[in-house]
Amino acid sequence: MKLVIFGASGPTGRLATEQALAEGHSVTAVTRRPDAFPAGAHRPEVVGADVMDAAAVDRAVAGHDAVISTLGVPYTKENVTVYSQGAAHIARAMAGHGVRRLVCVSSIGVTPEHAPGETLMFRKVIAPILLKLGRTIYADMGRMEELLRGTDLEWTVLRPAGLFDGDEVTDYVVGEPRIPGRFTSRRDLADALVRAAVDGRHVRSAVEVITTRGVPSYFGVFVKEALHIGNKR
């Protein structure tokens with residue numbers, strides 16, 4: 001397939017790009033940092049563009065079979081619009097070029113519902129802190145999801161939990177909210193993105209991606225992802 005990946009220079013975007021190329025797909029990597037991809041035999045076609053630029057998005061989408069969005073920003077108190085505005089530009093470009101398949105990354109943080117069996121400490125202390133830190137991001141992710149529901153595209157939204165760097169793809173779980181589990185390996189998320197785009201899984205659905213083995217301590221992920229560098233995709 002001919003895939004275009006937005007946010008391709010981010011941690012998950014790079015993994016998804018690498019996997020798609022390894023499987024023999026043609027990949028156009030869209031990023032604001034085109035120099036992030038070194039030269040090599042498996043280098044994608046790299047396009048320097050900002051998803052907030054509708055004309056640039058339109059040019060990037062043209063000629064592809066499916067779109068993957070791994071856009072992400074760190075936690076911030078400022079208003080966030082990159083998810084919803086970026087999705088609007090992508091959806092408009094897809095409609096104009098007759099591209100139907102879209103897979104986007106969101107987060108379990110868009111819903112306040114807790115997974116079955118979650119501890120009291122997590123529900124009453126940890127989760128409220130994380131939701132407060134990411135409230136502007138989760139609000140815009142919610143707007144993105146609502147926008148996609150209003151289109152006739154064959155969209156899928158993948159909602160990971162706390163992201164961490166795993167060594168390999170595991171037997172992760174994908175399903176309707178809410179699935180027990182607090183973590184998602186970026187490698188598992190990247191695999192789920194490619195599988196959804198290529199195999200047409202979970203069309204017009206928002207599903208969670210949860211890693212069930214080899215997960216780190218919650219405190220370590222909380223400090224690294226939430227307090228220091230943010231929840232970048």
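Given the structure is predicted, the values throughout are model-derived calculations rather than measurements.
Legend: residues meeting salt bridge (charged side-chain N to carboxylate O under 4.0 Å, His left out) with D58, ordered by chain and number and at least two apart, are absent. For R159, the side-chain hydrogen bond (donor to acceptor under 3.5 Å, both in side chains) test picks out E145, with sequence neighbours left out. Legend: residues meeting side-chain hydrogen bond (donor to acceptor under 3.5 Å, both in side chains) with R201, ordered by chain and number and at least two apart, are D199. Remark: E23 engages R195 in a salt bridge (charged side-chain N to carboxylate O under 4.0 Å, His left out) (not counting sequence neighbours). When the side-chain hydrogen bond (donor to acceptor under 3.5 Å, both in side chains) test is applied to T184, no partner is found at least two apart in sequence or on another chain. For S69, there are no side-chain hydrogen bond (donor to acceptor under 3.5 Å, both in side chains) partners, not counting sequence neighbours. Not a single salt bridge (charged side-chain N to carboxylate O under 4.0 Å, His left out) links E18 to another residue, sequence neighbours left out. For the salt bridge (charged side-chain N to carboxylate O under 4.0 Å, His left out) test, residues two or more places apart in sequence or in another chain that qualify with R143 are D140. Applying the side-chain contact (heavy atoms from CB on, under 4.5 Å) test to A62 and every residue at least two apart in sequence or in another chain returns H97.
Looking at heavy atoms from C-beta onward, V207 lies in side-chain contact with L158 at the 4.5 angstrom threshold. Side-chain contact between N79 and T81: present, with at least one pair of heavy atoms (C-beta onward) separated by less than 4.5 Å. F6 is not listed as a side-chain neighbour of I68, based on a closest heavy-atom distance of 4.5 Å or more.
Screening residues 205-215 for side chain to side chain donor-acceptor pair (under 3.5 Å), with sequence neighbours left out, gives D171-R213, R178-E208, D188-T211. Within the structure, side chain to side chain donor-acceptor pair (under 3.5 Å) contacts touching residues 109-121 (residues at least two apart or in different chains) are E118-R182, T119-R182.
Under the 4.5 Å side-chain contact rule for hydrophobic residues, L15 and L3 do not share a cluster. Using a 4.5 Å cut-off between side-chain heavy atoms of Ile, Leu, Val, Met, Phe, Trp and Tyr, with links allowed through other members, I90 and M52 fall into the same hydrophobic cluster. Using a 4.5 Å cut-off between side-chain heavy atoms of Ile, Leu, Val, Met, Phe, Trp and Tyr, with links allowed through other members, V174 and L163 fall into the same hydrophobic cluster.
Hydrophobic side-chain contacts under 4.5 Å tie V173 into a cluster, directly or through other members, with I179, I210.
Side-chain atoms of Y83 come within 3.5 Å of backbone atoms of V73 as a donor-acceptor pair (strictly under, hydrogens ignored). Under the 3.5 Å distance criterion, the side-chain polar atoms of H89 are matched with a main-chain donor or acceptor of V51. Under the 3.5 Å distance criterion, the side-chain polar atoms of H64 are matched with a main-chain donor or acceptor of V61.
Look at R100 and D152 and you find a salt bridge, because one of the NZ, NE, NH1 or NH2 atoms lies within 4.0 Å of a carboxylate O, short of that distance. Under a 4.0 Å N-O distance rule, the pair R186/D165 qualifies as a salt bridge.
Here the options are T17, T70, T31, the test is side chain to side chain donor-acceptor pair (under 3.5 Å), and the partner is S9; only T31 passes.
Closest non-hydrogen pair, A16 versus A190, comes out as N-CB, 3.5 Å. Here the closest non-hydrogen pair linking R149 and W155 is CG-CZ2, 3.7 Å.
Expressed to the nearest 0.5 Å, how far CG of L130 lies from CZ of F122 amounts to 6.0 Å.
Taking the centre and axis of the six-membered ring of Y75, the NZ or CZ atom of R135 falls outside the cone set by 45° and 6.0 Å.
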